[in-house]
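Working notes, structure below.
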Amino acid sequence: MALTRRTTLLAGAALGAAPLLTGCSDGSGPPRARQTAAAERLRAAAAGDSTRLLARYDATLAAHPALGPRLGPLRAEVARHAEAFGARPAGGSGAPSPSGSTEGPAGPSVPGASGKPDASEGSDASPKAGAPEKADAGSAASGSGVPGDEKAARAALADAERRLSDARARTLRTAPPDLARLLASVAAAGAAHAYLLTAAG
């Protein structure tokens, strides 16, 4: 009789523990899925940031071709960062582009294109008409104005690199380990870029 009662109690305890074990195993699914989704959003945002920074480099190089030897290696590294975060290379140009980007050259170039013919109609032979056109091409490519002075243009790029590096450093604590390591590496590279852009020489 005692054995039967003990067996009944053990069986009841086992049955009572079963829902707890099931609840623990089932409960780990949704949090993991949420973490994965958050990491993908963070990675996509980082890809977009790198792609926009790459566009700033392209705009600066378009406005100041003489800076090519100095900016070229930094631009190539930014392109690699964008691809590491998952940005897709744009067809034909080799430059990464995030999906759903709305800040492409077509948007900002519209106001400049509509204003140019009016200015050129009045003074086609004016030598001053060509200089603003070069600056407008840079601002149209990046969505923001590129300084006409080379030193100021480098300083603007350095500021963009520095601000993005700081922002990425702040996201490290919310990123999963693999992505956090990549963000830390790219943030360090961005800080180095900012220094090289403003260094004399």
Side-chain angles (χ1 to χ4, degrees), residues 25 27-64 67-108 138-139 141-147 152-201:
S25 61
S28 64
R32 185 175 292 111
R34 284 194 295 270
Q35 290 171 1
T36 301
E40 288 305 315
R41 286 193 298 270
L42 189 58
R43 183 181 290 272
D49 289 337
S50 288
T51 302
R52 284 185 288 275
L53 181 61
L54 187 64
R56 291 180 68 94
Y57 271 91
D58 288 341
T60 304
L61 286 167
H64 302 287
L67 290 176
R70 184 163 190 169
L71 300 188
L74 304 182
R75 183 210 175 275
E77 200 163 67
V78 171
R80 287 193 293 270
H81 295 163
E83 291 180 5
F85 286 123
R88 298 192 305 270
S93 68
S97 64
S99 59
S101 175
T102 58
E103 299 186 15
S139 69
S142 65
S144 61
V146 175
R154 288 191 288 111
L157 269 180
D159 182 62
E161 286 271 22
R162 192 177 297 109
R163 284 187 285 108
L164 184 54
S165 177
D166 292 344
R168 281 171 169 163
R170 288 193 295 269
T171 64
L172 293 179
R173 58 192 179 90
T174 62
D178 288 347
L179 183 55
R181 283 191 290 270
L182 178 58
L183 283 167
S185 175
V186 174
H193 289 181
Y195 170 77
L196 292 172
L197 285 164
T198 54

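Residue indices begin at 1 and follow the sequence shown.
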| said: So R56 and V78, do their side chains get closer than 4.5 Å, heavy atoms only? | reply: no

| query | For residues 180-190, which residue pairs qualify under salt bridge (Lys or Arg N to Asp or Glu O under 4.0 Å), counting only residues two or more places apart or in two chains? | reply | D178-R181

| side chain to side chain donor-acceptor pair (under 3.5 Å) partners for D159, two or more places apart | R163

| query | Hey, does F85 have a side-chain heavy atom less than 4.5 Å from the side chain of V186? | reply | yes

| T60 side, atom OG1; L71 side, atom CG - distance, nearest 0.5 Å | 6.5 Å

| field | Chi angles and distances behind the side-chain contact (heavy atoms from CB on, under 4.5 Å) call for L53, H81 | value | CA-CA 10 Å; L53 181 61; H81 295 163; over 6 Å; no

| Heavy-atom donor-acceptor pair, S185 side chain to L182 backbone, under 3.5 Å | no

| said: So, taking the atom named CG in L172 and the one named CG in L179, what distance separates them when rounded to the nearest 0.5 Å? | reply: 9.0 Å

| So, R168 side chain and A188 main chain: donor-acceptor pair closer than 3.5 Å or not? | no

| task | Output yes when a side-chain donor or acceptor of S50 lies under 3.5 Å from a complementary backbone atom of A47, and no otherwise. | result | no

| message | Could you measure the distance from the CG atom of L42 to the CG atom of L183? Nearest 0.5 Å is fine. | response | 5.5 Å

| query | Excluding sequence neighbours, so at least two apart, what forms side chain to side chain donor-acceptor pair (under 3.5 Å) with H193? | reply | E77, E161

| said: Test side-chain contact (heavy atoms from CB on, under 4.5 Å) on T198 and R154; report intermediate values, then the result. | reply: CA-CA 7 Å; T198 54; R154 288 191 288 111; 5.6 Å; no

